[in-house]
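Values reported hereafter were calculated over all heavy atoms of this structure, with side chains retained and with hydrogens, waters and symmetry mates removed. By convention in this document, chain letters (A, B, ...) are assigned in the order of the sequence lines, proteins followed by strands, and residues within each chain are numbered from 1.
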2 protein chains.
Amino acid sequence: MSADGDRSADGDGLSAEAVVRLRLAIGRLHRQLVRASGDQDLTAARLSALARVKQHGPLRLGELAAHEGVAVPSMVRTVTPLVADGLVARTPDPRDGRSQLLAPTPLGLETLTRIRRERTALPAGRGTRLTPEQCRALEAALPVLELLLEEPG
Amino acid sequence: MSADGDRSADGDGLSAEAVVRLRLAIGRLHRQLVRASGDQDLTAARLSALARVKQHGPLRLGELAAHEGVAVPSMVRTVTPLVADGLVARTPDPRDGRSQLLAPTPLGLETLTRIRRERTALPAGRGTRLTPEQCRALEAALPVLELLLEEPG
DNA sequence: TATTGTTATACTCTATAACTATA
DNA sequence: TATAGTTATAGAGTATAACAATA
């Protein structure tokens, strides 16, 4: 009944309270992030796909969709403008005529570098300066958040 | 040029590397979260609004929109089904005929309680069990994430 | 005239279902 | 027949612009 009393109610080790707060925070941060970026061409979904393409080298559309956790038709929609904008190259898969391999173009790599240089501000556009301790807390949590992202398979 | 060498490049105290990773992680976690919930009626945006209405007592539509950081017409779309489903009550504002006050109904409060009881799993549906240390890292970062959410004003 | 909320319209992101081309 | 990808269509969520009602 107390907010902290259900620590091991489920198997996850986090209190139900913390899970709910984390869920709400992620949704709201995402909203801020999408709105603040304001980038018409390189939207959040496209940037995520582009970063994934860079990370995992040449890969097929279905593989990319699996990595990103979206349906294949959704990824078609995401990738098409990236190709049109010259950030991702589609080359025929020599081993399977049905597939094409996706890889970042030089412009795509440049773009990622530029974004990494420009978007050094925190997702929220607040003027808040975090204390060193708060920065450490975020940095410590980052690998855990990324762990939650790994594909279930 | 090392990944950790630009710690104080901007004013935020987080490395550019960490900011980029945090941005990507939030976007991807949000996607997982929305997809995993699968709740047709109480979507993520509606749940967020409902929780906010509970938290801030009776409030007007424009206030709620400001809290959630969305445009007023967007909030109209979000609130309408909540009212239709009986989770939020709209009562005329006695002091301003243009406004109505939003408050959670008993059913809305029950629903929040039920969700808090049910959704104790982490956003990602993975079977992963976090170590106690990882749980502590998440819990320590949670207030920092929430700090980033506070309205800029 | 300014403000609150609504409706009209459009765009992104996502999904499922139906289709084409290749294996 | 099965698989990789595409296109068609639909729905959630968001925005801006135009409108109505009230202050």
What nucleic acid atoms does [X] come within less than 4.0 Å of, heavy atoms only: base, sugar-phosphate, or nothing?
X	value
A/V70	sugar-phosphate
B/R77	base
A/V72	base
A/T43	sugar-phosphate

So for B/R35 and C/dT16, does any side-chain atom that can act as donor or acceptor lie under 3.5 Å from a complementary atom in the base?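 Between C/dT16 and B/R35, which were checked side chain against base, a qualifying N/O pair under 3.5 Å is absent.
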Side chain to side chain contact (heavy atoms under 4.5 Å, CB included) evaluation trace for B/L22 with A/L29: CA-CA 10 Å; B/L22 186 58; A/L29 281 168; over 6 Å; no
Check whether any side-chain N or O of [X] sits under 4.0 Å from OP1 or OP2 of [N], and answer yes or no.
X	N	value
B/S74	D/dA15	yes
A/R46	C/dT14	no
A/R31	D/dG13	no
B/T80	C/dG5	no

Between [atom2] on [N] and [atom1] on [X], what's the gap in Å once rounded to a whole number?
X	N	atom1	atom2	value
B/L64	D/dG13	CG	P	14 Å
A/Q32	D/dG13	CD	P	18 Å
A/L50	C/dC13	CG	C1'	17 Å
A/M75	C/dA15	CE	C1'	13 Å
A/L33	C/dT12	CG	P	18 Å
A/E68	C/dT12	CD	C1'	15 Å
B/L61	C/dT3	CG	P	17 Å
A/H30	C/dC13	NE2	P	9 Å

Could you check whether any side-chain N or O of [X] sits under 3.5 Å from a backbone N or O of [Y], counting only pairs where one atom can act as donor and the other as acceptor?
X	Y	answer
B/R52	B/H67	yes
A/T111	A/L107	yes
A/R116	B/V20	no
A/E68	A/A65	no

Using a strict heavy-atom distance below 4.0 Å, which residues from residues 93-104 of chain B are in contact with DNA chain C? B/R98, B/S99, B/Q100
Does a salt bridge link A/R114 with A/E110, judged by any charged N lying under 4.0 Å from a carboxylate O? no
Salt bridge (charged side-chain N to carboxylate O under 4.0 Å, His left out) between A/R28 and B/E146: does it pass, once the steps are laid out? CA-CA 9 Å; A/R28 289 167 180 169; B/E146 287 169 343; over 6 Å; no
First of A/P73 and B/R60 reached from the 5' end of DNA chain C, by closest nucleotide: B/R60
Judged by nearest nucleotide, the residue sitting upstream toward the 5' end of DNA chain C, B/E63 or A/A71, is B/E63
Side-chain H-bond candidate by donor/acceptor type, B/S99 with B/R60, under 3.5 Å: yes
